[in-house]
Amino acid sequence: MYGKAFAPEYQGELGTALSVNSSYEDVLATARRARRDAGTDLERARASLAVAEANRRLGRVDDARTAWRDSYRSARRAGDRGAMSWALWSGGTLARQCGSLALARRLLALAVTLADEGGDRLAHGYSLAGLAETGRIQGDYAAVADLHEQLLEQARAHGEARHMVWAMSGIAQMHRNTGDYAKALELFEESARIAADGDDARGRAWSLRGVADVLSVQGHTEQALSLLSEAETICRTMNLASALAYNHKMRGNVLFRAGRYAEASAVYDGALREFEDMHEPRGTALSRLGLVKSRSRMGGSMDQTLTELDELERDFERIGLRHARDMVIAFRAELLSSVGGSPAAPYGATTLRSPAVPATS
């Protein structure tokens with residue numbers, strides 16, 4: 001059995017004033033008051049951490065960056081390594097969200113070390129989870145598969161629903177990206193159930209997006225769209241800007257797979273604007289890929305499509321997104337083979353690493 005989900009990033013008095021399902025505008029207002037009234041460096045560090053996390057999830061990147069750094073400086077003045085670790089975890093998570101994956105790894109690795117030295121088990125687990133997610137996003141599954149399994153066992157041992165949902169959905173995503181759709185669906189659905197039982201609305205929204213993705217690949221378009229609508233309601237209720245943008249991008253994916261290219265293009269275009277407003281390069285590039293593919297299916301110029309694919313491949317290479325780069329190469333090969341051209345990649349050939357459906361972006 002797992003307990004109710006909780007948010008360990010809300011610490012001290014904030015831990016009793018806020019819950020895992022608190023609206024991020026409410027979190028921001030409460031945390032700002034706590035920071036203003038902080039009587040010690042540790043209290044300020046905790047309040048600034050909550051300010052950073054609320055801003056990050058609302059897509060306010062500059063404010064989040066300022067806040068996590070303030071949290072770290074305050075924690076360092078207080079001499080609290082656990083609080084320093086939480087601040088670096090927030091900074092590393094923000095760096096990953098902004099596409100700076102090398103910086104994310106450095107900050108999260110340091111967060112792991114500080115949490116270990118400070119004896120903060122939760123900060124240690126969250127920082128390890130951040131490292132695992134960073135590797136998964138890059139497509140380095142071999143390097144992080146064991147870490148995901150370790151985190152899953154830790155979550156089971158301590159009955160932590162939120163961590164269980166994260167680890168299970170991460171493992172599910174790796175199965176999905178390597179073509180094991182049955183296992184991915186099983187894990188995503190279990191993750192959604194655990195999130196619901198643990199009252200973790202955010203975790204349920206992310207898990208439902210995974211379920212919808214797999215169902216879409218299997219041809220269940222309307223069921224997938226319905227689940228995405230349910231997840232969107234959660235995202236809007238909690239002001240989850242980033243999660244909402246990824247939900248919209250997934251809706252574009254579902255429509256694209258169903259051959260509804262004009263609808264997909266409109267949805268991708270909306271998601272692109274959302275990601276650009278948040279300065280989130282990973283989501284921006286993935287939405288651009290969806291747009292390029294949709295416009296190509298609607299009869300767009302082959303030359304223009306290939307030019308845009310080359311640009312996207314360079315973007316994915318720069319960010320370090322291996323699976324996404326493979327999708328670009330797969331779509332280019334499909335286009336060129338359809339007109340009798342060579343499937344070789346203009347921007348550096350590579351071997352496809354996944355048998356997964358290439359229409360995912």
Side-chain angles (χ1 to χ4, degrees), residues 7-9 24 49 51-69 71-72 84-115 122-141 143-145 147-148 151 162-163 165-167 169-174 177 202-203 205-206 209-210 240-247 249-250 271 274-287 289 315-325 361:
E9 64 268 34
Y24 286 110
L49 173 66
V51 170
E53 283 302 287
N55 275 311
R56 180 180 68 80
R57 287 165 173 145
L58 288 167
R60 300 167 189 171
V61 172
D62 292 338
D63 290 339
R65 184 177 295 112
T66 298
W68 83 255
R69 288 173 175 170
S71 178
Y72 179 78
M84 291 166 66
S85 173
W86 277 111
L88 290 175
W89 164 78
S90 179
T93 305
L94 178 66
R96 182 177 64 242
Q97 181 173 311
C98 293
S100 301
L101 300 185
L103 175 60
R105 288 195 301 273
R106 289 197 298 273
L107 292 175
L108 290 166
L110 183 54
V112 169
T113 299
L114 287 170
L122 283 170
H124 188 268
Y126 270 61
S127 300
L128 280 178
L131 281 173
E133 184 168 358
T134 303
R136 178 179 60 77
I137 286 172
Q138 288 181 286
D140 194 2
Y141 304 146
V144 298
L147 183 51
H148 276 79
L151 291 164
R162 191 177 175 203
H163 239 201
V165 167
W166 178 87
S169 60
I171 295 169
Q173 190 65 47
M174 288 189 287
N177 285 352
R202 183 177 55 196
W206 281 104
R209 187 169 67 92
L240 298 174
S242 179
L244 181 60
Y246 275 104
N247 182 288
K249 183 191 70 65
M250 183 58 70
E274 290 176 294
F275 285 122
E276 287 177 336
D277 287 344
M278 291 184 287
H279 307 287
E280 187 165 340
R282 174 173 169 254
T284 297
L286 288 169
S287 298
L289 176 58
D315 283 347
F316 290 135
E317 181 75 13
R318 174 180 51 80
I319 297 171
L321 302 176
R322 302 178 186 180
H323 180 69
R325 181 170 176 256
S361 60

Worksheet item: When rounded to the nearest 0.5 angstrom, what distance separates OH in Tyr24 from CZ in Arg60?
Response: 13.0 Å
Discussion item. Working to the nearest 0.5 angstrom, can you tell me the gap between Met84 CE and Thr113 OG1?
Written reply: 11.0 Å
Discussion item. Please check: side-chain N/O of Asn55 versus main-chain N/O of Val51, any donor-acceptor pairing under 3.5 Å?
Written reply: yes
Practice prompt. Rounded to the nearest 0.5 Å, what's the gap from SG on Cys98 to CZ on Arg56? Could you check?
Written response: 9.5 Å
Item to complete: Look up atom CZ in Arg282 and atom OH in Tyr246, then write down how far apart they are to the nearest 0.5 Å.
Response: 3.5 Å
Worksheet item: Say you draw a straight line from CE of Met278 to CG of Leu58; how long is it, rounded to the nearest 0.5 Å?
Response: 10.5 Å
Item to complete: For the pair Arg57 and Glu9, find out whether any cationic side-chain nitrogen is under 4.0 Å from an anionic carboxylate oxygen.
Response: yes
Item to complete: Report yes if some heavy atom in the side chain of Phe275 is under 4.5 Å from a heavy atom in the side chain of Leu286; otherwise report no.
Response: no
Item to complete: Decide yes or no for Leu321 and Leu101: does some side-chain heavy atom of the first lie under 4.5 Å from some side-chain heavy atom of the second?
Response: yes
Worksheet item: Of the non-hydrogen atoms in Ser242 and Glu280, which two are nearest, and what is the gap between them?
Response: OG-OE1, 3.3 Å
Discussion item. Looking at every heavy atom in both Glu276 and Thr284, which two are closest together, and how far apart are they?
Written reply: N-OG1, 3.7 Å
Worksheet entry | Heavy-atom side-chain contact between Ser85 and Tyr126 under 4.5 Å | no
Discussion item. With a 4.5 Å cut-off on side-chain heavy atoms, are Ser287 and Glu274 touching?
Written reply: no
Discussion item. Evaluate Trp89 against Glu53 for side-chain contact (heavy atoms from CB on, under 4.5 Å), listing each step before the verdict.
Written reply: CA-CA 10 Å; Trp89 164 78; Glu53 283 302 287; 3.4 Å; yes
Practice prompt. Identify the two heavy atoms, one from Leu108 and one from Ser127, that lie closest to each other, and give their separation to 0.1 Å.
Written response: O-CB, 3.9 Å
Worksheet entry | Atom of Leu151, atom of Gly125 and distance for their closest heavy-atom approach | CD2-O, 3.8 Å
Worksheet item: If you look at every heavy atom in Ser90 and Ala52, which pair is closest and at what distance?
Response: OG-CB, 3.6 Å
Discussion item. Would you say the rings of His148 and Trp166 are close, in the sense that their centroids are separated by under 6.0 Å?
Written reply: yes
Worksheet entry | Student check: side-chain heavy atoms of Leu88 and Trp68 closer than 4.5 Å | yes
Worksheet item: With side chains defined as the heavy atoms from C-beta onward, is the minimum distance between Gln138 and Arg105 less than 4.5 Å?
Response: yes
Practice prompt. List the atom of Gly135, the atom of Val144, and the distance in Å for their closest heavy-atom pair.
Written response: CA-CG1, 3.8 Å
Worksheet item: Hey, what do you get for CZ (Arg136) to CD (Gln173), rounding to the nearest 0.5 Å?
Response: 5.5 Å
